[in-house]
Amino acid sequence: MAKISVIGSGGWGIALTILLHKNGHDLTIWSFDKKEAEELKKTRQNKTKLPNILLPEDVKVTDDLKEAVDDKDILILAVPSKAIRSVSKSLKNIIKDNQIIVNVAKGLEEDTLETMTDIIEEKLKDKNPKVAVLSGPSHAEEVGRGIPTTCVVSAHNKELTLYLQNVFMNPSFRVYTSPDMLGVEIGGALKNVIALAAGIADGLNYGDNTKAALITRGIKEISSLGVAMGGEQSTFYGLTGLGDLIVTCASMHSRNRRAGILLGQGKTLDEAIKEVNMVVEGIYSAKSALMAAKKYNVEIPIIEQVNAVLFENKNAAEAVNELMIRDKKLEIQSWW
């Protein structure tokens, strides 16, 4: 049994807390909001982010970060990607040396193009933390109910990766391992941008043909950019690339797809974010992906058009039309 703290009480934080409790571990969950923490203590659920899924009574709830961190074997960072830097800074003086930290946020930081684990290691380097990432096609709404799910865990060394595989794995949550930590994180971040595109197509009332095209050409963009950034191509055709892309483009659990649908229906970005009422990670990753593509000279036409719709008020139907009338291309460059 491990003593584990989940830092973040949104839907994914709640779902992972329930999962790890089922595995026999000692769980604490931290909320940055005192009012939310009090509500969790009373009702044992996050009614906004993950309603009707209850925390076990013996899970400790706190809004005191030091209390959450003290004496823990493992910290799970389940905060939005935009909060990883600030939370890591807050952890600096309270974690122990060689602390195991598992990041479950998906994103690339705007401007720096750093992954979430890059940021964690940078901010906490004096403590020499053992950092890992857990990612894959895993909606909190399903994991919290014990619906069969598969994910990937990756760390800098095999020993830690295998240890964490055992910590998380159970009959309803199968965990694979990967040595490609960078690729796992890039795939998790970029799929959210393509999911926005898939949602936009749904909002325009396009069909299955369009969705299939976006998924297929989307994974091409993800893998091309991911490999240029240092990831392994095979990673992007596995669970944390293609697998996560499929579930995020197809499911109404996906906040990115839901935001895209609203954009396709003509809502503004602000209106879409307000209606989804959760962090839409793809909005932040879209800018980062565009910056990375320019840096590494990689063509990403779908992601470019998503950026234009998000930040340049481009008409969504016009964006799709521009994708369709681009110059003729070979599907696979090695042909002929």
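Scope of the values below: all heavy atoms of this structure, side chains included, with no hydrogens, waters or symmetry mates.
Counting heavy atoms of neighbouring residues, nucleotides and ligands inside a 6.0 Å radius, atom CG of Asp71 does not exceed 12 of them. The neighbour count for Asn98 CG, taken as heavy atoms of other residues, nucleotides or ligands under 6.0 Å away, is above 12. Under a cut-off of 6.0 angstrom, the local environment of NZ in Lys60 is crowded, with over 12 non-hydrogen atoms contributed by other residues, nucleotides or ligands. Counting non-hydrogen atoms of neighbouring residues, nucleotides and ligands closer than 6.0 angstrom, the CD atom of Glu122 exceeds 12 such neighbours. Within 6.0 Å of atom CZ in Phe32, 12 or fewer heavy atoms from other residues, nucleotides or ligands are found, so the atom counts as exposed in its surroundings. Counting heavy-atom neighbours within 6.0 Å of Asp208 CG, excluding the residue itself, gives a total of 12 or less.
Between the Arg44 side chain and the Val59 main chain, a donor and an acceptor come within less than 3.5 Å of each other. With Lys66 contributing its side chain and Ile94 its backbone, the two residues share no donor-acceptor pair below 3.5 Å. The backbone N or O of Lys92 lies less than 3.5 Å from no partner atom in the side chain of Lys123, so there is not a single donor-acceptor pair. The closest donor-acceptor contact from the side chain of His25 to the backbone of Ala2 lies under 3.5 Å. Of the possible donor and acceptor atoms, none in the side chain of Ser88 sits under 3.5 Å from a partner among the backbone N and O of Ser86. A donor-acceptor contact shorter than 3.5 Å is absent between the side chain of Lys82 and the backbone of Gly107. Between the Glu142 side chain and the Pro148 main chain, no donor and acceptor come within less than 3.5 Å of each other. At distances below 3.5 Å, at least one donor-acceptor pair connects side-chain atoms of Asn256 with backbone N or O atoms of Gly282. Within the 3.5 Å criterion, the main-chain N or O of Ala155 finds a donor-acceptor partner in the side chain of Thr161.
For the pair Phe236/Leu245, no side-chain contact is recorded, criterion being any heavy-atom separation below 4.5 Å from C-beta on.
Ion pair Asp70/Lys96 not flagged as a salt bridge, since none of the NZ, NE, NH1 or NH2 atoms sits closer than 4.0 Å to an Asp/Glu carboxylate oxygen. In this structure, Lys274 does not pair ionically with Glu271, as no charged nitrogen and carboxylate oxygen lie closer than 4.0 Å. Salt bridge present: Lys106 and Asp244 bring a charged side-chain N and a carboxylate O closer than 4.0 Å.
Using modelled atom types, one finds a donor on one side chain and an acceptor on the other under 3.5 Å when comparing Glu281 with Ser81. In the model, Asp64 has no side-chain atom that pairs as donor or acceptor with a side-chain atom of Thr62 under 3.5 Å. At a cut-off of 3.5 Å, with distance as the only test, a side-chain donor of Thr112 or Glu109 sits close to an acceptor on the other residue. Side-chain atoms of Ser5 and Lys72 include no donor-acceptor pair closer than 3.5 Å. Residues Gln99 and Lys130 have side chains that never bring a donor and an acceptor to within less than 3.5 angstrom of each other. Side-chain contact check for Asn103 and Thr117: no donor-acceptor pair (N or O, by modelled atom type) lies under 3.5 Å. One side chain, Ser31 or Glu36, offers a donor N or O that lies under 3.5 Å from an acceptor on the other. Side-chain contact annotation: Glu110 with Ser288, donor-acceptor N/O pair under 3.5 Å absent.
Here the shortest heavy-atom pairing between Val152 and Ser178 reads CG1-CB, 3.6 Å. Of all heavy-atom pairs between Asn23 and Val167, the closest is ND2-O, 2.9 Å.
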Handout entry: Test side-chain hydrogen bond (donor to acceptor under 3.5 Å, both in side chains) applied to His21 and Asp26, step by step
Key = CA-CA 7 Å; His21 180 272; Asp26 183 323; over 6 Å; no
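In this structure, Lys287 satisfies the cation-pi test against Phe311, with its NZ or CZ atom closer than 6.0 Å to the six-membered ring centre and inside 45 degrees of the ring normal.
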